[in-house]
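I have placed the structure first, in the form of structure tokens, so that the comments after it can refer back to it.
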Amino acid sequence: MLSLVIVAGLLAFASGKPCETQTSNSELNMSLNKNLLRSLETQEGLPNPSVHLALRLSNFHNLAKESEHLNKLKNDLHNDTQSSLSKSQSVVGLLSLYTLALKSSCYDLNTITFTVGGRSETLLTHLKNQMEQEKEHITFSHRPLTNYYQYSLGVLALCVSDIRVNHHVTHKLIKAADHEQFKQGDTESTDTYAMAGMALQCVKDAGSHVQNAMELDTVLSKIQQKLLASRRDDGHIGNEFSTGLAVQALLAMGRPVSECAASMEAMRTDARNNRYHNAMAISQVLPALQQKSYLTVKSKECLNEDDTLVLEPIDPVVVLPSQTKVTVTVEVVMSSGAAALYSVEVPKGRSLLEALELLKIENVGFTFDKESSLWGPFLSMVNGEQARQNDRRYWHLSSDGTALSEGISDFKIDAAQKITLKNTVY
């Protein structure tokens, strides 16, 4: 009898930790879910379709707030996108995320139209047309009008919407992955491999690339190996902000959850350390931690959904400005290679954007302009020289020689350092 008691006690002890871990992880997911929902109240600029997508893929919902955000997407984002289409701008990435967000709410996509030049066509028709333009640009210029990340998003959005993707459109993506063309500058883009993996897996599942199924299988295997090979010792794949999409992709491509355990734990550690203070980052991490992916949208049913997610009131946090100042050296490297050095004293804990604004105020010849994106503001011009997507250039940012993984409004200045802004081709 005593032995049975001892055995029962050991079993209870052995099973305690996993249960505690599971509860802890569930609480963490709920916290991220609430942070994402709370971001709807503080967001600046246009409503973010990626945030809506993550909220809809979650296990827990606040249906009233999600419905309110959906209406904002259908008005504010829709009107802004229509304006871009009227100017013949390439917005395939935004159209794709808009499509995925609507699909995640089980919205009838055939009722969403844009009127351009007096002609009204559906969202999906515009997306197909934009993808054709991207494909043609690859044919003649060996690269998309935008980039392969947005191109992959386009394939994914069409596929999950049950639109048969043009074989030639898919084939361009397969060839780009096979020839390892997913790069930003000299660095391989983990985000692009992840998005391409989800897009091509959707195409495979739909059975719409039957002309060369072996070619598709081969490149999907290559993408998986690329993602796994870029996993660091700490579990991150690529960097802290590409791990969410990478895990989504690996799960979508059929890799076992156990194989992603280290990466998922790395994201949980980041979340507990408040690393994800950008809503866009949370929107990519949350589905992965709930073992879902953007591919899940294809089979999403909006029936008998949970509606228990409630935001508790929180006291506003007053952050007193630091009295400690640190010296930030800013190096600007133009496209010609010419460089200029500046120095500015910055209160510790300020963002890089605030540091650059302080430097600009000092009237020492440093100027910059910024543009908005779903990830927040980014540099578009420094000292009169542009570096924008249309020019296939960007301002590469680094701190003491290490590339920044955060944007200018998220990266914090915690110590004296040298920030380099380099006009770079991608």
Side-chain angles (χ1 to χ4, degrees), residues 18-40 48-63 65-66 69-70 97 100-101 103-106 153 156 160 190-191 194-195 197-198 201-202 205 227 231 235-238 240-311:
C19 289
E20 290 171 11
T21 301
Q22 188 173 9
T23 300
S24 174
N25 292 345
S26 297
E27 290 174 350
L28 183 64
N29 289 348
M30 180 67 79
S31 176
L32 286 172
N33 209 149
K34 289 182 178 180
N35 288 345
L36 202 56
L37 190 64
R38 192 170 279 114
S39 75
L40 302 184
N48 190 329
S50 182
V51 168
H52 188 82
L53 176 57
L55 288 171
R56 295 296 303 144
L57 287 176
S58 179
N59 298 324
F60 303 99
H61 301 278
N62 184 313
L63 296 178
K65 287 188 178 295
E66 289 173 11
H69 191 246
L70 177 63
L97 280 174
L100 290 169
K103 177 73 173 171
S104 70
S105 288
C106 302
L153 254 178
L156 178 63
V160 300
T190 301
D191 290 338
M195 193 59 70
M198 285 188 277
Q201 184 65 48
C202 185
D205 293 346
L227 293 174
R231 185 165 52 194
H236 290 110
I237 302 176
E240 295 88 338
F241 299 97
S242 59
T243 305
L245 276 185
V247 170
Q248 282 194 48
L250 288 169
L251 294 175
M253 290 185 286
R255 307 300 291 206
V257 174
S258 58
E259 196 169 28
C260 300
S263 298
M264 295 176 83
E265 190 54 39
M267 289 188 288
R268 292 188 191 102
T269 299
D270 288 336
R272 292 188 183 99
N273 292 334
N274 295 315
R275 192 85 168 90
Y276 303 126
H277 38 76
N278 183 301
M280 189 68 180
I282 299 174
S283 74
Q284 295 181 348
V285 165
L286 184 59
L289 289 179
Q290 294 183 332
Q291 299 177 26
K292 297 180 181 180
S293 76
Y294 292 166
L295 201 51
T296 311
V297 174
K298 187 174 177 65
S299 56
K300 179 94 168 88
E301 294 182 353
C302 305
L303 301 172
N304 303 316
E305 291 186 303
D306 168 89
D307 192 18
T308 61
L309 193 62
V310 178
L311 293 180

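One is the number of the first residue; the rest follow in order along the sequence. Just so you know, these numbers come straight off a predicted model, no measurement behind them.
Closest approach of Val297 to Leu100, counting heavy atoms only: CG1-O, 4.0 Å. For the residue pair His52 and Ser104, the shortest heavy atom distance occurs at CD2-OG, 3.9 Å. Taking both residues in full, the closest heavy atoms of Gly238 and Thr190 are given as CA-OG1, 3.5 Å, listed atom of the first, atom of the second, then distance. In this structure, Arg231 and Ser263 approach most closely via the heavy-atom pair CD-OG, 3.4 Å. The two residues Leu227 and Ala194 have their closest heavy-atom pair at CD2-N, 4.1 Å. Listed here is the closest heavy atom pair of Glu66 and Phe60: OE2-O, 4.3 Å.
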Test side-chain contact (heavy atoms from CB on, under 4.5 Å) applied to Met198 and Leu245, step by step: CA-CA 9 Å; Met198 285 188 277; Leu245 276 185; 3.9 Å; yes
Does the pair Leu55 and Asn33 meet the rule for a side-chain contact (heavy atoms from CB on, under 4.5 Å), with working shown? CA-CA 7 Å; Leu55 288 171; Asn33 209 149; 3.6 Å; yes
Could you check Val160 against Cys202 for side-chain contact (heavy atoms from CB on, under 4.5 Å), going step by step and ending with a plain yes or no? CA-CA 7 Å; Val160 300; Cys202 185; 3.9 Å; yes
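Taking the side chain as every heavy atom from C-beta outward, His277 and Asn35 never approach each other to under 4.5 Å. For the pair Leu37 and His61, the minimum side-chain heavy-atom distance is 4.5 Å or more. By the 4.5 Å heavy-atom criterion applied to side chains, Arg275 and Phe241 are counted as neighbours. Using a 4.5 Å heavy-atom cutoff, the side chains of His236 and Asp270 are in contact. Using a 4.5 Å cut-off on side-chain heavy atoms (C-beta onward), Ser39 and Val51 make contact.
Distance OG/Ser58 to CG/Leu309: 7.0 Å, rounded to 0.5 Å. To the nearest 0.5 Å, the span separating CG on Asp307 from CG on Asn62 amounts to 6.0 Å. Note: Lys34 NZ to Asn29 CG = 12.5 Å, rounded to the nearest 0.5 Å. Interatomic distance, Met195 CE to Leu153 CG, rounded to the nearest 0.5 Å: 4.0 Å. Between the CG atom of Asn59 and the OG1 atom of Thr308 there is a distance of 10.0 Å, given to the nearest 0.5 Å. Rounding to the nearest 0.5 Å gives a distance of 13.0 Å between CE of Met267 and CD1 of Ile282.
Residues in residues 287-305 take part in these salt bridge (charged side-chain N to carboxylate O under 4.0 Å, His left out) pairs, two or more places apart or across chains: Arg56-Glu305, Asp162-Lys298, Lys300-Glu305.
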Can you give me every donor-acceptor pair (side chain of residues 247-254, partner residue at least two apart or in another chain, under 3.5 Å) with its distance?
| residue | atom | partner | partner atom | Å |
| --- | --- | --- | --- | --- |
| Gln248 | OE1 | Tyr294 | N | 3.0 |
| Gln248 | NE2 | Gln284 | O | 3.0 |

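Not counting sequence neighbours, the partners of Arg268 by the salt bridge (charged side-chain N to carboxylate O under 4.0 Å, His left out) test are Glu265.
The closest donor-acceptor contact from the side chain of Ser283 to the backbone of Ala54 lies at 3.5 Å or more, if one exists at all.
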